[in-house]
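To start, the structure itself, in structure tokens.
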Amino acid sequence: MLNRAFKKIISAAMAALLLSGCTGGSSDTPGTPTDSGAEPVVYKFEGSAAADSELYVEPIEGLTDSFYRGADVSTYLSQKESGVTYKDFEGNTLDDAGFFELLAQCGVNCIRIRVWNDPSDKDGATYGGGHNDLDTAVKIGKLATSAGLPVMIDFHYSDFWADPSKQKAPKEWAHYTFDNKKQALFDYTKSSLKTLFDEGVNVVMVQVGNEINNGMAGETDRSRVNELLIQGSAAVREASAEAGKDVKVVLHYTNALENSVMDIANDLISANVDYDVFALSFYTFWHGTPAQLTERIKALRELTGKEVLVAETSYAYTDSDGDGNANTVSTAASGISLDYDISVQGQANEVRDVMQAVKDAGGSGVFYWEPAWIPVEVYDPTAADAAEVLERNKTAWETYGSGWACSAAKAYDPDDAGVYYGGSAWDNQAMFDFNGNPLESLKIFKYVFGGTTAELKTVRVEDISFESGIGQPLALPQAVPALMNSGAYADIPVVWNEEQTASVNTNEAGTYDINGTATSDGTDYPIKCTLEIKKINYIKNPGFEDMDMTMWNIDGNGVAREEDNNKRSGLYSLKFWDDKPVKFTAEQTIIGIPAGTYDLGAYLQGGAAGSNAVFELYVTVNGSTLTVPSKVTSWQNWDNPVIGNIEIPEGAEVIVGVRVDAQANAWGAWDDFSLTES
Ligand code: CA
């Protein structure tokens, strides 16, 4: 989990803290269509022995076959129509039956399929994104069913992508009264399910809406959304009863760790919404750590008494883009936490850890999002024919809807799809390589039962940064973090170059490169320490990395030390948010500073604070206060207020702090305080 953190500067105190705490088939017997009378093989993995694999996988104790290991392959048909081929582990090209059989053999036990009402324009041109109308869902659903794989249907109740940023009503419903929309949603849900049942699709779960935190089908008011959910749920109940099927009603939300998710769950109780499963999207690179997920699922289960599962997760296995459309997850992308190695092993580790986290909380399963969304033709920007390949890919995306959006989507979603239409931002998160060969990580869905025979070993040792105060004795770390194939970090011993270490002048500010040799399992790893001799920072716990917060006196509401993506460095920050006005001070008293002239600084980011919000950094020396204003603009845009040239006499009492007075729902974080000699 600390991949990124260790690239940032670590102080001597933090190094000790962090070093101690990191944990971190072939298609020869494809499933036979049910109309031939033969039953598909239903695979059982409980009680599996350790599998022979290079992939390191620790078993998840107590996992049962009933735990969902799902895959959302909604783009599958559009991929095939575009000319994509998928292979088995021996390199044989798979037919449709063979593809789904391969998923089943690898431990996948449920297929998720999204459904849009009418994802095409008035001339019938597809909006893209897999052209996932009901007809497409029927086709994919039948293939899954023939391979013995049950299906989760994911109604977006929109004509295209529905997520927290957009929940646009289908074109046909756009001008309906609310009562008519409720009826339309009921009728559409019931008739669509009837079609799926009539076609023989083994639907076992139905999502009423997709990532509906902020609304559904064009409605944003939560009580109205609840009325729509009641209609959708009733339609699922009726359709499944009439078909004699046992089908679970699933409600699906993202941003799993936000406080509002608990509010929503409470609202569902108050509104008497009838459902069975509370589903979450949980991408570690956006949403948080598996440990946090466990806590949230426990809380949701306790509050709702419902099943909880992860309906979407994924991770990158390569940093490369395969199709000429830039990817969501890459080392070049901002605003994401790459807590796992970008490799096949790292991808497998992420899935395993999310499954373990869900299992630990008593959850019901984990679905991987779009493991088969790969390039139509592999795009290499350095190749001589790169431009031609990209043009052919664009033609395929436009013709078959295998990219995330087509130009035709402009009519429905002019500001996003209409402008940014193109290919896949997800090809590096597939579980097939760019040429359609399955990755070893695809087998994670079965390997989690018995684990693998691969031994725990070091993947790499990263260079470190280290800070030491002027005049302080230099104590370089004696151990450095090594990334293991388990995804965790282990301390391994390091020896630093003596000559370079001896040349460091600890009485002056300066930066040094010191070479070292770390050793693990008899292998030497040459690494580098970037050493900075810097002014002493007199603020205690300046970046909130230390769990001990007793030096900080916090008075007010909506503020706490938290581990999430609001940090500036390390893992933690002093985060604030509240659904009522956010008002607090956070300060610490420092005594025993040598007489001199000092500079005080801090960092602030956030948003939604309102035009009258007050953010201040202040210092009080023997009762006399200096203040400087700060401000928030947007996420991860850091303001750096500084109070310079503070005269501090010998024996002074110095209080440093920040004050926040902002409107309800203001959010943000303070981080990285410093009080150093000028
Ligand atoms: Ca791409």
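Order of appearance sets the numbers: ligands from 1, and atoms from 1 within every ligand.
Ring centroids of F45 and F445 are separated by 6.0 Å or more, keeping the two rings apart. Aromatic ring centroids of W404 and W426 lie 6.0 Å or more apart.
Among pairs with a residue in residues 415-424, those fulfilling side chain to side chain donor-acceptor pair (under 3.5 Å) read K166-D416, at least two apart in sequence or across chains.
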Practice problem: Would you check, one step at a time, whether the test side-chain contact (heavy atoms from CB on, under 4.5 Å) holds for Y412 with D121? | Solution: CA-CA 8 Å; Y412 186 68; D121 70 8; over 6 Å; no
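Residues satisfying the salt bridge (Lys or Arg N to Asp or Glu O under 4.0 Å) test with D427, not counting sequence neighbours, are none. Under the rule for a salt bridge (Lys or Arg N to Asp or Glu O under 4.0 Å), K87 has no partner lying at least two apart in sequence or in another chain.
Shown are the protein N/O/S atoms under 3.0 Å from the Ca ion (ligand 1), given by residue and atom: D321 OD1, D323 OD1, N325 O, N327 OD1, S424 O, D427 OD2.
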